[in-house]
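Predicted model, so just to flag it, every value in this text is computed and none were measured. Residue numbers start from 1 in every chain, and the chains themselves are labelled A, B, ... in the order their sequence lines are given, proteins ahead of strands. Values below: all heavy atoms of this structure, side chains included; hydrogens, waters and symmetry mates excluded.
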Protein chains: 2
Amino acid sequence: MARGRPRSFDRDAALDGAMRLFWTRGYQDTSISDLTEHLGIASPSLYAAFGSKSALFCEAADLYQAREGGRPGVALAAAPTARAGVAALLRENVALFTRRGGPRGCLLTRATLSCPPSDTAVVEYLDRSRRDRLTALRSRFRAAAAAGEPLPSDDHDTLAQHYDAQVQGLAVRALEGAPRAALLRTVDLTMTAWDAMTTR
Amino acid sequence: MARGRPRSFDRDAALDGAMRLFWTRGYQDTSISDLTEHLGIASPSLYAAFGSKSALFCEAADLYQAREGGRPGVALAAAPTARAGVAALLRENVALFTRRGGPRGCLLTRATLSCPPSDTAVVEYLDRSRRDRLTALRSRFRAAAAAGEPLPSDDHDTLAQHYDAQVQGLAVRALEGAPRAALLRTVDLTMTAWDAMTTR
DNA sequence: CCTTTTCTGTAGTGGTCGGTACATATTGAG
DNA sequence: CTCAATATGTACCGACCACTACAGAAAAGG
């Protein structure tokens, strides 16, 4: 098994580096030259390992969602209440979007607004991941309602879109340079609003 | 006066077309070839009239803010209360971001997430316009507080960032294809939250 | 050993990018 | 009319894009 010359680089490490680069610069503004330079891998090796720029991005985005975006997602699902879940989702995302030494903002939001419509593979990937996020939120609200938890609204779909939009807004502001403390203050306001709508 | 061969196209109309194109495709994904083709103007004439791609974008963004973004801005300032101002700001922006036959989303938000950091002129322009938006919101809240209007929070800066983020979230969702009615439902939720926080 | 398979480095491919040199055309000034 | 000034169309610039042809290197199977 494993005939032929062995690969001279760590595929997972290369994917991790590609993820960081796409996260930092966005999809369109990250060139193959940038990748080959930062990863120390010549382009033929890159193409042999990942296929194309868009396929590499999709794999990098998978890694982003599994490792980085995983924490907020898990926090939403694992919290005992929808309120605690949404609060944790927002706070974990703020931490993720403003991590010291890490790229700012959200890899997916940035790609959504910067990838050319002609790159259908990436556009479809991003659309799918957005639907998954909304579904996760919606089902969390449905479960909470079934458990008798008071919610800001009975319209779970609108709730899901509203709180997903909060995350997107945080991502845009983080990229604009808003400090972590400022983002957390608006998260506090969002949760104050939740309480005001549920305890009245 | 006005020596030399006269310009053979309407500069304002060309600027309007450029604005629509930048709005539709973003900054980076709108090429000079796209512009020359859609405007019917060869590139030397374009450069003679506007200087460079980034200068053309800044002029187009000025036009966007004056004509299109002007309505939401005026709505915020002109409303009798901060609450009515914020509600009008959000609803006017939803209308703007989902206008039939027009580009979706916000020209500025899209450019913020898609313009390469190397294009400092555009980056600085976008940063300035963001600060102006926040200032407009902040001073509206300050005026409301001085007039005795109850607000969701005494921290006017956080309020400004929160409601500006609402607009950005709406812009991202509009670009993702969210229908106008769905955006308006989340605006209703946002204003329900305002009322819950001010009337408790 | 030799062959097959796979990867690597060099050196490109055609295409598009933002921007421009240049000759020509069209105006007002004198 | 002549001249200076400005705009136009053609045709091009070097730089960069995503991507790849090709020859040689490094492994396993025989």
field: Interatomic distance, A/Ile41 CD1 vs C/dT8 C1' [rounded to whole Å]
entry: 11 Å
- prompt: Does a salt bridge link A/Asp164 with A/Arg130, judged by any charged N lying under 4.0 Å from a carboxylate O?
  reply: no
task: Report the residue (B/Gly40 or A/Thr30) whose heavy-atom-nearest nucleotide on DNA chain D is the more 5′ of the two.
output: B/Gly40
task: Record whether the side chain of B/Ser43 comes under 3.5 Å of the base of C/dT20 through a donor-acceptor pair of N or O atoms.
output: yes
Under-4.0 Å salt bridge between A/Asp16 and A/Arg67: yes
- prompt: Is the shortest side-chain N/O distance from A/Tyr47 to OP1 or OP2 of D/dC19 below 4.0 Å?
  reply: yes
- prompt: Is the shortest side-chain N/O distance from A/Arg3 to OP1 or OP2 of D/dA27 below 4.0 Å?
  reply: no
- request: Return the value, rounded to whole Å, for the distance between atom CZ of A/Arg7 and atom P of D/dA28.
  value: 16 Å
- request: Specify the separation, in whole Å, of atom CZ of A/Phe9 and atom C1' of D/dA27.
  value: 16 Å
message: Just the rounded figure in Å: distance from P of C/dT16 to CD of A/Gln28.
response: 15 Å
- request: Decide, yes or no, whether a salt bridge links A/Arg91 with A/Asp188 under the criterion of side-chain N to carboxylate O below 4.0 Å.
  value: yes
task: List in numerical order all residues of residues 113-123 of chain A for which some heavy atom is under 4.0 Å away from an atom belonging to DNA chain C.
output: none
statement: Closest of C/dG18, D/dA27, D/dC19 to the A/Lys53 side chain is D/dC19
Nucleotide C/dA23, atom P - distance to CZ of B/Arg5 in whole Å: 16 Å
query: Distance check: side-chain N/O of B/Ser45 vs OP1/OP2 of D/dA7, anything under 4.0 Å?
result: no
message: A cation-pi test, strictly: NZ or CZ of B/Lys53 under 6.0 Å from the centre of the six-membered ring of B/Phe22 and no more than 45 degrees from its axis. Yes or no?
response: no
- prompt: OP1, OP2 of C/dC7 versus side-chain N and O of A/Ser8: anything below 4.0 Å?
  reply: no
- request: Using a 4.0 Å heavy-atom cut-off across all strands, classify A/Thr36 as base, sugar-phosphate, or nothing.
  value: nothing
query: Between B/Ser31 and C/dT16, does any side-chain N or O lie under 4.0 Å from OP1 or OP2?
result: no
task: Verify whether one side chain among B/Thr135 and B/Asp132 offers a donor that lies under 3.5 Å from an acceptor in the other.
output: no
- line: B/Arg11 atom CZ is separated from D/dT8 atom C1', nearest whole Å, by 17 Å
- line: Walking DNA chain C from its 5' end, the first of B/Ser54 and B/Gly4 to be reached, judged by nearest nucleotide, is B/Ser54
query: Taking for each residue the nucleotide of DNA chain C bearing the nearest heavy atom, is the 5' side occupied by B/Pro6 or by A/Pro44?
result: A/Pro44
query: Would B/Asp195 and B/Thr192 count as a side chain to side chain donor-acceptor pair (under 3.5 Å) if you check the C-alpha gap in whole Å, the side-chain angles of each, and the deciding distance to 0.1 Å?
result: CA-CA 5 Å; B/Asp195 292 335; B/Thr192 301; 5.7 Å; no
For residues 36-44 of chain A, please give each side-chain donor-acceptor pair under 3.5 Å, one per line with the distance, not counting sequence neighbours.
unit_1: A/Thr36; atom_1: OG1; unit_2: A/Ile32; atom_2: O; d: 3.3
unit_1: A/Thr36; atom_1: OG1; unit_2: A/Ser33; atom_2: O; d: 2.9
unit_1: A/His38; atom_1: NE2; unit_2: A/Arg25; atom_2: NH2; d: 3.3

message: I need the OH-P distance between A/Tyr27 and D/dA18, as an integer number of Å.
response: 8 Å
message: Looking at B/Ser33 and C/dT16, is any side-chain donor or acceptor paired with a base atom of the opposite kind under 3.5 Å?
response: no
query: Would you say the side-chain atoms of B/Gln168 and B/Thr109 include a donor-acceptor pair closer than 3.5 Å?
result: yes
message: Please report the distance, rounded to the nearest Å, between CD1 in B/Ile32 and C1' in D/dA15.
response: 15 Å
